[in-house]
J.: 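Just passing along the structure, written as structure tokens.
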Amino acid sequence: MRIRPGRFAVLAAALLTASAALPAAAANGQERQHPPSHSSAGGLSAVIRYTEYGIPHILAKNYADLGFGTGWAQAADQVCTLADGFVTVRGERSRFFGPDAEPDGSLSSAAENLSSDLYFRGVRATGTVEKLLAEPAPRGPSRDSKDLMRGWAAGYNAWLAQDRITDPACRGASWVRPVTAVDVAARTFALAVLGGQGRAVDGITASQPPATTAPRTAVGIPDAQSAARAARRLFDTADMGSNAVAFSGATTANGRGLLLGNPHYPWQGGRRFWQSQQTIPGELNVAGGALLGSPTVSIGHNARVAWSHTVATGVTLNLHQLTLDPADPTTYLVDGKPERMTKRTVTVEARGGPPVTRTQWWTRYGPVVTSLGAGLPLPWTSTTAYALNDPNAENLRAPDTALGFGRARGTADVLTTLRRTQGLPWINTVAADSGGHSLFTQSQVLPRITDELAQRCSTALGKALYPSSGIAVLDGSRGDCALGSDSDALQPGIFGPAKMPVLKDAPYAENSNDSSWLANTDRPLTGYERVFGSIGSPLSTRARGAKADVSAMAAKGELTVRDLQAQQFANRATSGDLIADDTARACAALPGGTATGSDGKAVDVGEACGVLKAWDHSMKTGSRGALLFDRFWRRLTVAVAPAQLWKVPFSAADPVHTPNTLNTEAPGVATALADAVSELRAAGIALDATLGAHQVVVRGDRRIPVPGGTESLGVWNKVEPVWDAAAGGYTEVTTGSSYIQAVGWDGGRCPVARTLLAYSQSSNPNSPHFSDQTRLFSEGKWVTSRFCEKDILSSPGLRVIRVGEHR
């Protein structure tokens, strides 16, 4: 029996006031009930119903209470990871962990704690986050979002005060401390600038002007080709990516939409997802995955619409090349008039040594930066410096975008939310709804770099970078090179919603971190500016496989959620389809069955020929030959340039099927095979060993086989494992499939949803939910979503707690 809205409201009120309203099964399933003093009158409180795999369903009266329950439940599962992140955004890593140690990279690209602290302490010192919080909505966060942040901080603090930390990663640690709403907002800010200032933290904090007594030097322009290559690498998605596809009702068995989301995010650290359901009766009811520290669901579904995100190709930053005053390298000229840089002096406490004080330099365009990663130096000379513009440094609107999605009744509302809030920094959105609609849109906050502006105002470096990478380097000495404004944009210097690529109601809409161009191969999107991404360029191997798969699914039709589940764990290696058979034939043709390795020694590869011929071209845990092909393919793509690898080159007229046909005559082919065979034999691994015997994660004393494969293999179910031959192969995963959802509708009030959190809900090895969903992921199994009240209350392991503030 479904619970009608009126009855649900009564039930909710009862749950919020007394445990007497719980059914007998719930009462018997409780592990513990917090005493009434935890939810005294006047304080924030919530009810948390836990179902299988430790998934909390948080029930609250308002947004502050909902934030409270969310902060509490996240702390219970992830207190150490969360606390580590708050140390980061407070600029205190050097104080607790030492200045030379390396952060986990979840909140910036800083190579060392000191540079991370110098950046985030600078953000604190200037009140950047507080100013954004004070901005009136819609340019700033709404009251609901601020209530969620305030409540989240209170819930986290209440858990710290009332519970005991059992995770050895931070048990008894002095750096686990209460937080404020500003700390929560600062974490949101860090995620917003991850693709802009966050990429350049080392270059921002290391920037120092040349000595005024030094001789004048020429403008330091990096080599154009190497700079372009470095710029392209800067914006690859090796550590974060995603697949997502929405099918319209034209392709499904019942005329309703379907959504499969498969984001690829880090398996450790502060960019993990955490799963929950958030409910305010009559106001909000949404389930899905939230990035840690976030009070809102990032990827999820409600009763009528489901959405996922993929990391977009839009370039979220640009550079301004400054012409400096010859007498003062901290003064730059705009239309011939001097402007002094702003000096930002920051002091950081450092463990084991005196405080460190450094100066950063800021301009009207943003901070002076001396590099964008090691491969793209931007020298500050006596005549030239570079300033970085990141429009997301003025964007604290992502929580409101998430709330709008949670309240949406269909894809039209999703698109309206994106246009109203303009809050997503570096991701695309893919959505489907119960009415049969599909949506793809690259609605993200991007600097307003038009192709015309880049043509007119690019410096010599910009002319090298912009066409190939989308990074614009504009002449900062000219006022007419300002970014300008769109009338429908919430802030100056960004594109308005009218300029965003949008695809509505296509039979399928899919993205695998390629550009918007081929969200549907039959309905290509064109006409957008280069800063959004390329048009007519080669797709990644993963994107090629994904397009082929989903277009075939759409053509077959009559799709159901089961088809989405099958796609997630098909584990087809696109690269295997492209070259495995050719490789096996070339191997069999080798004289004497031998090939010469890179060390010059002859290697017997005869056995490998048969293994590759018999391989099923999948990266399933039981697949034999997958590991051999994986090690061979990695070596081959390093040894042989793409132009020499294929006999048939890329064609924009057939982007899914080109390039193709392995050039078996390329000298690196046989060498890569010999080296792969030697590597596996040296490690004591049979050439025909199953993938799952040697691609695992170790959780406690258990080795859990992991399906899927690395980016270049072109597997939908992407994982990036760490090779350790001495330990028997791949023994950890750094990033890959994370919060996965397959969602559809059958005409009832409850969505048909299957979910999976690949690395499980808690990073605490003492938690029962440390690896339970990881074992499901290993076996290709799913969690049946308990979204409706009848399903939550019928959970056999239902555990209900009431949580609240001390008074």
Side-chain angles (χ1 to χ4, degrees), residues 128-129 131-142 145 188-189 191-198 309 312-320 363-366 387-405 408 412-429 439-457 466 470-472 474 476 478-504 515-516 525-533:
T128 299
V129 173
K131 291 172 186 174
L132 294 176
L133 287 169
E135 284 274 2
R139 181 163 175 175
S142 68
S145 286
T188 300
F189 173 85
L191 291 172
V193 301
L194 203 58
Q197 291 181 10
H309 297 299
T313 55
V315 178
T316 52
L317 60 83
N318 72 277
L319 297 168
H320 294 266
T363 71
R364 64 158 65 181
Y365 305 113
L388 183 145
N389 171 52
D390 178 2
N392 282 295
E394 299 179 36
N395 172 24
L396 210 59
R397 299 184 293 271
D400 279 304
T401 304
L403 281 179
F405 287 1
D413 290 343
V414 168
L415 194 56
T416 297
T417 294
L418 289 165
R419 290 169 172 166
R420 175 177 53 83
T421 62
Q422 299 173 32
L424 298 184
W426 33 262
I427 47 179
N428 305 305
T429 300
L439 173 69
F440 165 83
T441 178
Q442 186 181 352
S443 295
Q444 60 172 136
V445 175
L446 291 177
R448 190 180 172 277
I449 306 293
T450 64
D451 293 348
E452 183 278 330
L453 178 65
Q455 175 67 30
R456 178 167 51 87
C457 290
Y466 186 72
I471 298 179
L474 304 179
R478 293 168 50 188
D480 66 336
C481 291
L483 271 59
S485 298
D486 284 346
S487 60
D488 56 346
L490 281 181
Q491 67 185 70
I494 67 171
F495 286 104
K499 301 292 179 61
M500 306 296 172
V502 177
L503 179 66
K504 294 189 286 188
S515 70
S516 294
L525 295 172
T526 58
Y528 49 84
E529 310 288 351
R530 175 64 184 86
V531 71
F532 282 88

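The first residue in the sequence is number 1, and the count goes up from there.
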J.: If you take all heavy atoms of Ile449 and Ala472, which pair is closest and at what distance?
T.: CG2-CB, 3.7 Å
J.: Please report the closest heavy-atom contact between Pro497 and Arg419, naming both atoms and the distance.
T.: CB-CG, 3.5 Å
J.: Shortest non-hydrogen contact from Ala137 to Ser142?
T.: CB-CA, 4.0 Å
J.: For the atom pair CG (Leu446) and CD (Gln422), what is the distance rounded to the nearest 0.5 Å?
T.: 11.5 Å
J.: Donor-acceptor pair, Asn395 side chain versus Arg397 backbone, under 3.5 Å?
T.: yes
J.: Of all heavy-atom pairs between Leu403 and Ser145, which one has the smallest distance, and what is that distance?
T.: CD1-OG, 3.8 Å
J.: Under a 3.5 Å distance rule, please check whether Trp426 uses its side chain to pair with a backbone N or O of Leu191 as donor and acceptor.
T.: yes
J.: Treating Thr316 as the side-chain partner and Gly195 as the backbone partner, does any N or O pair qualify as donor plus acceptor under 3.5 Å?
T.: yes
J.: Looking at Asp480 and Arg456, does any basic side-chain N land under 4.0 Å from a carboxylate oxygen?
T.: yes
J.: Can you tell me how far the CG atom of Asp413 sits from the CG atom of Leu439, to the nearest 0.5 Å?
T.: 11.0 Å
J.: Given side chains that start at C-beta, do those of Leu317 and Ile471 come closer than 4.5 Å, heavy atoms only?
T.: yes
J.: Locate the shortest heavy-atom distance separating Arg139 from Pro492; write the atom from each residue and the value.
T.: NH1-CD, 3.7 Å
J.: Calculate, to the nearest 0.5 Å, the distance between atoms OG1 and CG belonging to Thr429 and Leu418 respectively.
T.: 4.5 Å
J.: Look up atom CG in Leu424 and atom CG in Asn392, then write down how far apart they are to the nearest 0.5 Å.
T.: 9.5 Å
J.: Below 4.0 angstrom, N of the basic side chain to O of the carboxylate: do Glu529 and Arg448 qualify?
T.: no
J.: Any side-chain heavy atom of Leu490 sitting closer than 4.5 Å to one from Pro138?
T.: yes
J.: Students often mix this up, so state it plainly: with edges at 30° and 60°, are the rings of Phe495 and Phe532 parallel, tilted or perpendicular?
T.: tilted
J.: How close do Pro391 and Val445 get, heavy atom to heavy atom, and via which atoms?
T.: CB-CG1, 4.0 Å
J.: Have Tyr466 and Asp451 got a donor and an acceptor in their side chains that come within less than 3.5 Å?
T.: yes
J.: Rounded to the nearest 0.5 Å, what's the gap from NE2 on His320 to OG1 on Thr363? Could you check?
T.: 8.0 Å
J.: Run Leu415 and Lys504 through side chain to side chain contact (heavy atoms under 4.5 Å, CB included) and show every step you take.
T.: CA-CA 10 Å; Leu415 194 56; Lys504 294 189 286 188; 3.9 Å; yes
J.: Could you grab the distance from atom CG of Asn389 to atom CD of Gln197, nearest 0.5 Å is fine?
T.: 9.0 Å
J.: Is a donor on one side and an acceptor on the other found under 3.5 Å between the side chain of Ser443 and the backbone of Asn428?
T.: no
J.: Heavy-atom distance under 4.5 Å between the side chains of Leu483 and Asn318, does that happen here?
T.: yes
